[in-house]
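Only a predicted model underlies this, so the values are computations on that prediction, with no experimental measurement involved.
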Amino acid sequence: SVGEGVTELKPGDKVLPIFTGECGQCRHCKSEESNMCDLLRINTDRGTMLNDGKTRFSKDGKPIYHFLGTSTFSEYTVVHSGCVAKINPDAPLDKVCVLSCGISTGMGATLNVAKPKKGMSVAVFGLGAVGLAAAEGARIAGASRIIGIDLNESRANEAKKFGVTEFVNPKDH
């Protein structure tokens with residue numbers, strides 16, 4: 001469902017929650033270099049809705065506060081419209097759920113912030129979801145050498161699927 005005053009979304013839209021929301025109006029949202037929105041940036045202390053400072057859920061009469069403004073560990077949630085990204089209605093939710101955080105964070109950091117040029121060498125520290133997405137972003141950008149660095153040796157083969165050309169385990173050095 002969609003709350004009062006929300007015009008960019010309609011009931012039934014498929015969305016992904018994003019805890020680094022974007023108001024679309026502040027200097028950071030309008031910048032190509034930052035997504036640290038003045039209004040919706042990550043705020044671990046904000047457990048209520050911005051418009052009225054209240055929670056939307058309770059248990060036994062006690063308020064349940066948001067976690068990172070999205071409460072994505074719950075079956076249902078209520079969020080500011082700037083903390084969701086509308087996606088293709090045909091997208092399979094069981095597949096795109098990982099795009100909400102890990103993939104967009106890693107790939108976005110590489111393509112939009114680091115901006116490696118074709119032929120460059122790139123090092124990625126940590127090859128979890130965010131790191132693999134960063135490696136994929138480097139591959140898309142045309143990096144010739146993508147060095148994946150992780151303490152977990154078992155991630156080496158999987159990382160190659162995401163463009164990592166060399167794997168380094170710091171424990172070996």
Side-chain angles (χ1 to χ4, degrees), residues 13-23 28-29 31-47 57 64-80 82-173:
D13 281 348
K14 285 187 178 180
V15 298
L16 292 175
I18 48 176
F19 59 80
T20 305
E22 295 182 3
C23 72
H28 291 289
C29 287
S31 166
E32 292 182 8
E33 300 298 321
S34 171
N35 70 332
M36 295 307 292
C37 176
D38 287 334
L39 180 65
L40 299 173
R41 71 174 26 154
I42 298 170
N43 181 343
T44 56
D45 296 329
R46 186 181 78 232
F57 300 104
I64 297 175
Y65 296 95
H66 273 304
F67 175 69
L68 293 174
T70 59
S71 293
T72 55
F73 291 123
S74 62
E75 186 174 350
Y76 297 97
T77 190
V78 178
V79 299
H80 187 285
C83 289
V84 295
K86 188 174 173 179
I87 62 171
N88 184 319
D90 296 328
L93 295 179
D94 64 328
K95 305 258 188 309
V96 298
C97 63
V98 297
L99 297 174
S100 187
C101 182
I103 307 303
S104 58
T105 300
M107 192 174 290
T110 302
L111 295 174
N112 300 323
V113 180
K115 299 178 182 176
K117 304 288 185 249
K118 188 175 175 95
M120 284 183 130
S121 294
V122 173
V124 177
F125 291 82
L127 297 172
V130 174
L132 291 175
E136 178 70 5
R139 185 195 63 73
I140 289 169
S144 62
R145 188 173 179 210
I146 303 170
I147 305 161
I149 302 155
D150 200 294
L151 296 171
N152 186 343
E153 196 75 36
S154 69
R155 293 184 173 173
N157 287 332
E158 189 68 20
K160 289 178 184 174
K161 297 176 188 175
F162 292 86
V164 171
T165 59
E166 300 166 55
F167 179 84
V168 175
N169 185 336
K171 290 183 198 175
D172 297 339
H173 301 278

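Under the rule for a side-chain hydrogen bond (donor to acceptor under 3.5 Å, both in side chains), S31 has no partner lying at least two apart in sequence or in another chain. Residues passing the side-chain hydrogen bond (donor to acceptor under 3.5 Å, both in side chains) test with N152, sequence neighbours excluded: S154. Residues forming a side-chain hydrogen bond (donor to acceptor under 3.5 Å, both in side chains) with K161 (at least two apart in sequence, or on another chain): E158. Under the side-chain hydrogen bond (donor to acceptor under 3.5 Å, both in side chains) criterion, E22 pairs with no residue, sequence neighbours left out.
Taking each heavy atom of G21 and C37 in turn, the nearest pair found is O-CB, 3.2 Å. The nearest pair of heavy atoms linking L111 to A141 is CD2-CB, 4.0 Å. Scanning all heavy atoms of the two residues, the minimum distance from I149 to P170 falls at CG2-CG, 3.7 Å. The nearest pair of heavy atoms linking V15 to K86 is CG1-CA, 4.0 Å.
The CD1 atom of I146 lies 9.0 Å from the OG1 atom of T110; values are rounded to the nearest 0.5 Å. Atom NZ of residue K171 and atom CG of residue D150 lie 9.0 Å apart, to the nearest 0.5 angstrom. We find the CD1-CZ distance between I147 and F167 to be 12.5 Å, quoted to the nearest 0.5 Å. Here M107 contributes atom CE and F162 contributes atom CZ; the two are 9.0 Å apart, rounded to the nearest 0.5 Å.
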Fill in: Residues L151, N169; criterion side-chain contact (heavy atoms from CB on, under 4.5 Å); working and verdict
CA-CA 5 Å; L151 296 171; N169 185 336; 4.0 Å; yes
Less than 3.5 Å apart, which donor and acceptor atoms pair up between the side chains of residues 114-131 and the rest of the protein, not counting sequence neighbours?
from : atom 1 : to  : atom 2 : distance (Å)
K115 : NZ     : E33 : OE2    : 3.0

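When the shell of 6.0 Å around NZ of K160 is examined, it contains 12 or fewer heavy atoms from other residues, nucleotides or ligands.
For the pair H80 and L39, the minimum side-chain heavy-atom distance is below 4.5 Å. Considering only heavy atoms from C-beta on, D13 stays 4.5 Å or farther from P89 through its side chain. In this structure, L40 and C83 have side chains that are in contact, with non-hydrogen atoms separated by less than 4.5 Å.
Sorted by first and then second residue, the salt bridge (charged side-chain N to carboxylate O under 4.0 Å, His left out) pairs involving residues 120-141 (not counting sequence neighbours) are E136-R139.
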